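Please read all numbers here as calculations on a predicted model, not as lab measurements.
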Amino acid sequence: IAAVLTAIGAAAYRRRVDEVDEVRVRFGTTVLGEMPVLRDPVRRGIDAIFSHQAPAEVTEALQSLRTNVEFLLKERRPRSIAVVSASSGEGKSTISAALAWALASVGEQVTIVDADLRRPTLHKSLHSRLSPGIGSADQLPVDRLVQQTPLATLRLLSAGVANRHPAEVLRANLPLVLSALQDETVVIDCPPIEGF
């Protein structure tokens, strides 16, 4: 029984390492972190991930991701980080919120932007409102659209309600947002690639 369990564990580890290597080779990019599965973070709020009750492997993975991002972007300004996924339901929004929270928790001024206009969830994770948001950035100044979160150094620009096609809204409004937020770190929760 022990040998079978060891073989299963070794196969799962090899499969995970192979997937990370495949991402590196196929996309020619660096893998900055790997997250364990997070159980229902949207309902509980992203701040629950950073509580003393969070599993140690989750906390360690987020701290490692934060450190890797900090080293990668050390001297770069403006600092914008886009988080994408291949398809919906892979945890992109959770990782976006967790990364923004981790960066802000060490004193970095961070604004997280919910650019997933079709399925916005960051407002729920950060206990905030859906609107106004990026959908109104061409009508109102960005400083009137951002919302404070439970963490003093973290702000949210939620998705809002788009008055036209989401791709048109992002094309017109995202450059305005990034220009207005160029003095701080911006984490952008992008729409998934598949189907859009």
Side-chain angles (χ1 to χ4, degrees), residues 12 15-16 19-20 23 27 29-70 72-73 79-106 108-131 133-135 146-160 162 166 170 174 177 181 184-196:
R15 191 169 42 250
R16 195 181 90 227
E19 288 172 358
V20 171
V23 167
F27 297 106
T29 188
T30 304
V31 175
L32 298 175
E34 194 176 357
M35 295 298 301
V37 174
L38 304 173
R39 302 282 180 222
D40 202 14
V42 172
R43 185 178 57 81
R44 292 181 16 203
I46 206 67
D47 48 339
I49 293 175
F50 293 93
S51 71
H52 65 281
Q53 301 162 352
E57 64 272 9
V58 171
T59 304
E60 185 65 33
L62 286 171
Q63 289 173 348
S64 176
L65 176 62
R66 180 194 67 216
T67 301
N68 288 338
V69 167
E70 286 176 324
L72 181 69
L73 300 176
R79 290 170 54 148
S80 301
I81 304 158
V83 180
V84 298
S85 66
S87 60
S88 62
E90 292 183 338
K92 164 192 59 65
S93 297
T94 300
I95 296 303
S96 299
L99 175 59
W101 189 281
L103 289 167
S105 68
V106 294
E108 181 82 27
Q109 182 61 47
V110 179
T111 298
I112 185 166
V113 177
D114 195 345
D116 190 350
L117 301 180
R118 286 189 174 92
R119 292 187 180 167
T121 60
L122 288 180
H123 64 285
K124 294 176 188 173
S125 298
L126 294 168
H127 312 294
S128 298
R129 301 178 316 276
L130 171 63
S131 191
I134 195 170
V146 293
Q147 303 173 50
Q148 195 56 50
T149 68
L151 188 60
T153 52
L154 178 62
R155 300 184 311 163
L156 167 68
L157 177 55
S158 63
L170 290 180
L174 192 56
V177 167
L181 300 174
E184 56 193 89
T185 300
V186 179
V187 176
I188 306 165
D189 180 25
C190 297
I193 295 168
E194 184 179 282
F196 303 119

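- With a 4.5 Å cut-off on side-chain heavy atoms, Leu156 and Thr111 do not count as touching.
- Of all heavy-atom pairs spanning Ala100 and Val110, the tightest one is CB-CG1, 3.9 Å.
- Put simply, the side chain of Gln63 never gets that close to the backbone of Thr67: no donor and acceptor are under 3.5 Å apart.
- Formation of a donor-acceptor pair under 3.5 Å by the Gln148 side chain with backbone atoms of Leu151 is found in this model.
- A 4.5 Å side-chain heavy-atom check between Ser80 and Val187 finds every atom pair outside the cut-off.
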*Do Leu62 and Leu99 pass the side-chain contact (heavy atoms from CB on, under 4.5 Å) test, and can you show the C-alpha distance, the side-chain angles, and the key distance before you say yes or no?*
CA-CA 7 Å; Leu62 286 171; Leu99 175 59; 5.9 Å; no

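- Using modelled atom types, one side-chain atom of Ser128 and one backbone atom of Leu126 make a donor-acceptor pair closer than 3.5 Å.
- Of all heavy-atom pairs spanning Leu103 and Glu108, the tightest one is O-CB, 3.1 Å.
- Across all non-hydrogen atoms, the minimal contact from Thr153 to Ser105 is OG1-N, 4.4 Å.
- When all heavy atoms are compared, the tightest approach of Ala115 to Pro191 is O-CD, 3.5 Å.
- With sequence neighbours left out, the salt bridge (Lys or Arg N to Asp or Glu O under 4.0 Å) criterion links Asp189 to Lys92.
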_Run the side-chain contact (heavy atoms from CB on, under 4.5 Å) test on Ile188 and Ile81 for me, step by step, so that the C-alpha distance in whole Å, both residues' side-chain angles and the decisive distance to 0.1 Å come before the verdict._
CA-CA 6 Å; Ile188 306 165; Ile81 304 158; over 6 Å; no

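- Using a 4.5 Å heavy-atom cutoff, the side chains of Trp101 and Ser96 are not in contact.
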*Can Gln109 and Thr185 be said to form a side-chain contact (heavy atoms from CB on, under 4.5 Å), step by step?*
CA-CA 6 Å; Gln109 182 61 47; Thr185 300; over 6 Å; no

_Run the side-chain contact (heavy atoms from CB on, under 4.5 Å) test on Ile134 and Asp114 for me, step by step, so that the C-alpha distance in whole Å, both residues' side-chain angles and the decisive distance to 0.1 Å come before the verdict._
CA-CA 8 Å; Ile134 195 170; Asp114 195 345; over 6 Å; no

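- With Gln147 contributing its side chain and Leu157 its backbone, the two residues share no donor-acceptor pair below 3.5 Å.
- Side chain of Ser64 to backbone of Ala61: no donor-acceptor contact under 3.5 angstrom is found.
- With no hydrogens or angles considered, a side-chain donor-acceptor pair links Ser88 and Arg119 at under 3.5 Å.
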*Start with the C-alpha distance between Arg155 and Glu184, add both sets of side-chain angles, then the distance that settles salt bridge (Lys or Arg N to Asp or Glu O under 4.0 Å), and finish with yes or no.*
CA-CA 11 Å; Arg155 300 184 311 163; Glu184 56 193 89; 3.0 Å; yes

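- When side chains are defined from C-beta on, Ser125 does not count as touching Thr94, because their heavy atoms never get closer than 4.5 Å.
- Using a 4.5 Å heavy-atom cutoff, the side chains of Pro150 and His127 are in contact.
- In this structure, Arg79 and Val186 have side chains that are not in contact, with every pair of non-hydrogen atoms separated by 4.5 Å or more.
- Using a 4.5 Å cut-off on side-chain heavy atoms (C-beta onward), Ile112 and Leu122 make contact.
- Checking side-chain atoms of Ser131 against main-chain N and O of Gly160 turns up no donor-acceptor pair under 3.5 Å.
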